[in-house]
Each structure stands twice: as C-alpha cells, then as structure tokens.
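Shown next, in structure tokens, is the structure this report addresses.
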There are 2 protein chains.
Amino acid sequence: MLGKDARHEQAQREIIAACWRLARDEGRLGFSLKEVAAAVGVQAPSLYSYFASKNAIYDAMFADGNRAFLERMRTVPTSGSPRDTLLAAAAAFIEFCVEDPVRHQLLFERTIAGFEPSPAAYAIAGDVIELMRDEFAKLGIHDPAHLDIWTALVSGLAAQQLANEPGGSRWSGRVAASVEMFADFVFKEES
Amino acid sequence: MLGKDARHEQAQREIIAACWRLARDEGRLGFSLKEVAAAVGVQAPSLYSYFASKNAIYDAMFADGNRAFLERMRTVPTSGSPRDTLLAAAAAFIEFCVEDPVRHQLLFERTIAGFEPSPAAYAIAGDVIELMRDEFAKLGIHDPAHLDIWTALVSGLAAQQLANEPGGSRWSGRVAASVEMFADFVFKEES
DNA sequence: GTCTATATCCAGATAGAC
DNA sequence: GTCTATCTGGATATAGAC
C-alpha cells in the first residue's frame with residue numbers, strides 16, 4: 001500500500017501526465033484547468049489540493065521535461081570517436097526536440113505569459129548544461145565559444161524543423177553535415 | 001489632402017504601430033483590443049472598421065515585420081569578399097532578431113494561439129528566402145543543405161540569445177566565429 | 001465611422017459545506 | 001480531499017443609435 005504522501009505524489013504525476021497529453025493533443029500549452037480536471041476525473045477546484053496555481057503546474061511540467069531531457073542526454077553513447085559522440089549527441093537532442101513540439105516550446109522557448117520557472121526546476125536544466133560541458137571536456141573541447149556555437153547550431157536545426165516543417169526532416173536530416181562542419185572547426189588544429 | 005482610402009490606410013498603419021508599441025512594452029503579443037483602442041484614442045469596437053478581427057491585426061503585423069526584414073536584408077553590403085558578405089548578412093540577421101524580441105516571436109516562432117499568416121503575408125516571407133538564395137548563388141553556394149545549415153546556425157544564435165540572455169551578447173558575439181566555421185566548411189574545396 | 005451597451009464566453013481562483 | 005456555487009475579471013465580437 002502506498003502511504004498518504006506517496007498517493008499525493010502519484011496523483012500529482014497523473015495530473016502532469018494529463019497536462020502533457022492535453023498539450024500534445026491541442027498542439028499548445030493553453031489548456032484550461034477544467035480540461036485537466038476532466039481528464040483526470042475530478043472537478044476543477046480539486047486540482048488546487050495538488051497544485052497551488054496553474055503556474056505551479058507549468059513549473060512541474062518544466063521540471064518533468066528537463067528530467068526527461070537530462071535522462072535522454074545521459075544515454076548518448078560516448079564510446080566511439082569524438083565525431084561519433086558529437087553526432088550521437090546532436091541527433092539525440094534534435095530527436096528529443098522534434099518528437100514533442102509543445103515540450104520544446106515549454107523547455108526552450110520562453111513564451112508562456114506569466115510563467116517563470118522556479119529555481120528548483122531551473123536547476124535541473126542547469127544539470128544538463130553541466131553534463132554537456134563535462135562531455136565536451138572529455139572530447140577536448142574547452143572553449144566556451146565552441147559550446148555556445150554548438151548549442152546554437154543544434155537547437156537551430158531543431159527550431160527550424162519545428163517552425164517551418166513540423167513532422168518533416170528537412171533540417172533534422174542535415175545533422176550529419178552540420179556536425180561535420182562543427183567538428184572540422186573545433187578539431188582543425190589537431191589534424 | 002488625402003483621399004478616403006488613403007486616410008483609411010493611414011489609420012490602419014497607426015493602429016499597427018500602436019500594436020507594436022504595446023507588444024514591445026509588455027514584452028509579449030498578448031495585448032488586448034481595448035489597450036490598442038486606448039493607445040490610438042478610440043473605443044475598442046471602432047477598430048473593427050479597420051480590421052475584421054484580432055487575427056487580421058496579427059496578420060498585418062506579420063506582413064509589416066516581414067517587409068522590415070526584407071528591407072534590412074536587402075541593405076546588407078555585398079561588395080566585399082564572400083566571407084565579408086556572409087558575416088555582414090549574419091550580423092544583420094541577428095541584430096534584426098535581437099533588437100525586437102516580440103517581432104522575432106511573431107515572425108520566426110509560431111506561437112500565437114489561433115493565428116496562421118495569410119498567403120499574402122506569407123509571400124513576403126518567401127521573398128526573403130528568395131533573396132537569400134540569390135545572394136548565396138552569387139557567392140558560389142548552391143547546395144540547399146548549405147543554405148539550411150546557414151539558417152539554422154544564424155537563427156540558432158539569435159534564438160539562444162533571446163531565450164537565455166535577452167539583452168546580452170553571449171551568443172550574438174559568436175557570429176564572427178560561427179561564420180568562419182561556416183565559410184571554412186562551404187568553401188573548403190576551393191582553397 | 002464612432003459610439004454605448006451588450007452578448008457570449010471563458011479563465012483562474014476561492015468559500016464553505018460535506 | 002472533493003464537491004457545488006460563486007467571485008472576479010477579462011476577452012473578442014456584434015447590435016444598433018447617432
């Protein structure tokens with residue numbers, strides 16, 4: 001049997017899962033609390049037993065999405081050559097973005113009216129940056145400029161794909177060439 | 001004296017200008033028609049003499065922003081070396097994005113609830129693509145993949161700047177290095 | 001064209017009984 | 001914790017007089 005706190009947390013997870021489903025179905029984050037309540041089988045005011053406000057729900061989604069992002073990037077294989085690792089990381093990132101447009105919007109664009117992530121939720125996003133910096137260091141890439149150009153490049157491919165051809169592969173299919181360009185640039189002195 | 005149609009168009013321009021001001025001040029595109037009306041000195045329903053709906057206003061803003069974008073990119077100097085031209089184009093694009101975050105959101109992210117640009121407004125955006133393709137051809141860049149990677153790279157720099165450090169220059173300051181990377185890549189066979 | 005008045009609809013959030 | 005009822009506040013859009 002679950003204890004009371006565990007039940008409470010389980011209910012919170014179910015609410016957040018319903019929010020993700022609604023957002024994906026509608027293609028936007030503008031779901032109403034009434035819809036959320038209906039999706040989990042309660043009345044709207046009951047949600048306030050689990051979240052203090054709608055922004056608290058967005059915050060939980062933001063944290064949830066960043067945990068998924070961290071998990072995904074952790075599982076990128078790093079056993080091959082530096083170029084293999086870069087390609088795997090770029091492909092994983094772009095796939096993560098493209099497979100869920102509303103998650104991408106919540107995590108990487110800052111576009112919801114009055115919502116600002118809490119420090120706790122934001123810290124998870126910081127963990128991903130740290131992970132990337134560590135992995136790049138292992139590849140011999142230490143220049144902060146290179147890291148910034150990397151994030152611009154791969155997030156740019158994902159964003160162009162989502163904005164101009166959602167569901168397609170015109171930009172996401174350029175990931176190999178883009179990584180080649182980047183690797184040529186950062187490894188040029190060593191060859 | 002202005003004719004009646006010219007007056008009407010002038011009033012439309014004033015309304016759109018007020019919308020841009022409001023959006024910039026509030027940092028978002030969620031202004032209300034009541035605010036717009038107050039800004040131009042009329043009551044809200046009077047706006048319907050000039051625009052059929054709020055989405056029609058967004059559409060006019062979208063067209064207006066794309067005209068400004070086209071104008072800006074047209075004035076990029078192309079008299080220097082190919083690398084100079086690329087750098088000037090990238091810098092102009094990023095400056096255009098960063099100087100007006102809400103315009104960037106309207107033009108390049110697709111994030112307003114029920115708004116889809118009309119074909120007429122969208123055609124202006126297409127003109128910019130055409131301009132870019134022509135200029136790239138003059139530089140000897142014909143591969144569509146290179147054009148896609150270019151847009152991903154420069155729009156990625158701008159988007160990262162806006163999302164993570166609005167008002168700063170951490171990513172926009174990497175434009176020279178990024179263009180160097182890109183130019184090395186697309187011109188590599190020629191050197 | 002512009003106005004006042006209003007229709008219509010919806011949102012997030014709270015009060016208080018059970 | 002959950003419910004019903006309600007508060008409070010907004011939005012876009014229309015009707016119809018002037």
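Note on naming: letters A, B, ... go to the chains in the order of the sequence lines (proteins, then strands), and numbering restarts at 1 for each one.
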Check each of B/Ser169, B/Ser172, B/Ser155 against B/Ile94 using the side chain to side chain contact (heavy atoms under 4.5 Å, CB included) test, and report the only one that passes.
B/Ser172

Indicate whether the side chain of B/Trp20 and that of B/Asp64 have a donor and an acceptor atom separated by less than 3.5 Å.
yes

In whole angstroms, the gap separating C1' of D/dG1 from CG of A/Leu47 amounts to 12 Å

Membership question, hydrophobic clusters at under 4.5 Å side-chain separation (ILVMFWY): are B/Ile124 and B/Phe93 in the same one?
no

Atom-pair distance (CD1 on B/Ile15; C1' on C/dT2), nearest Å:
12 Å

Assign each of A/Phe31 and B/Ser46 the nucleotide of DNA chain C bearing its closest heavy atom; nearer the 5' end lies the nucleotide of B/Ser46

Please report, rounded to the nearest Å, how far the C1' atom of D/dA11 is from the CG atom of B/Leu29.
16 Å

Decide ring pair (Phe, Tyr, Trp, His ring centres under 6.0 Å) for A/Phe62 and A/Phe69; before the verdict, give the C-alpha distance in whole Å, the side-chain angles of both, and the deciding distance to 0.1 Å.
CA-CA 10 Å; A/Phe62 183 84; A/Phe69 182 41; over 10 Å; no

Given atom CG of B/Leu33 and atom P of C/dT8, what is their separation to the nearest angstrom?
20 Å

Cationic tip of B/Lys54 within the cone over B/Tyr48's six-membered ring, i.e. under 6.0 Å and within 45° of the normal?
no

Rounded interatomic separation in angstrom, taking NZ from A/Lys34 and P from D/dA5:
13 Å

Under 4.0 Å from any atom of DNA chain D, heavy atoms only: list the residues of residues 48-59 of chain B that qualify, in numerical order.
B/Tyr48, B/Ser53, B/Lys54

From CD of B/Glu9 across to P of C/dG1 the rounded distance in Å is 11 Å

Do you see a donor-acceptor pair shorter than 3.5 Å between the side chains of B/Thr78 and B/Glu135?
no

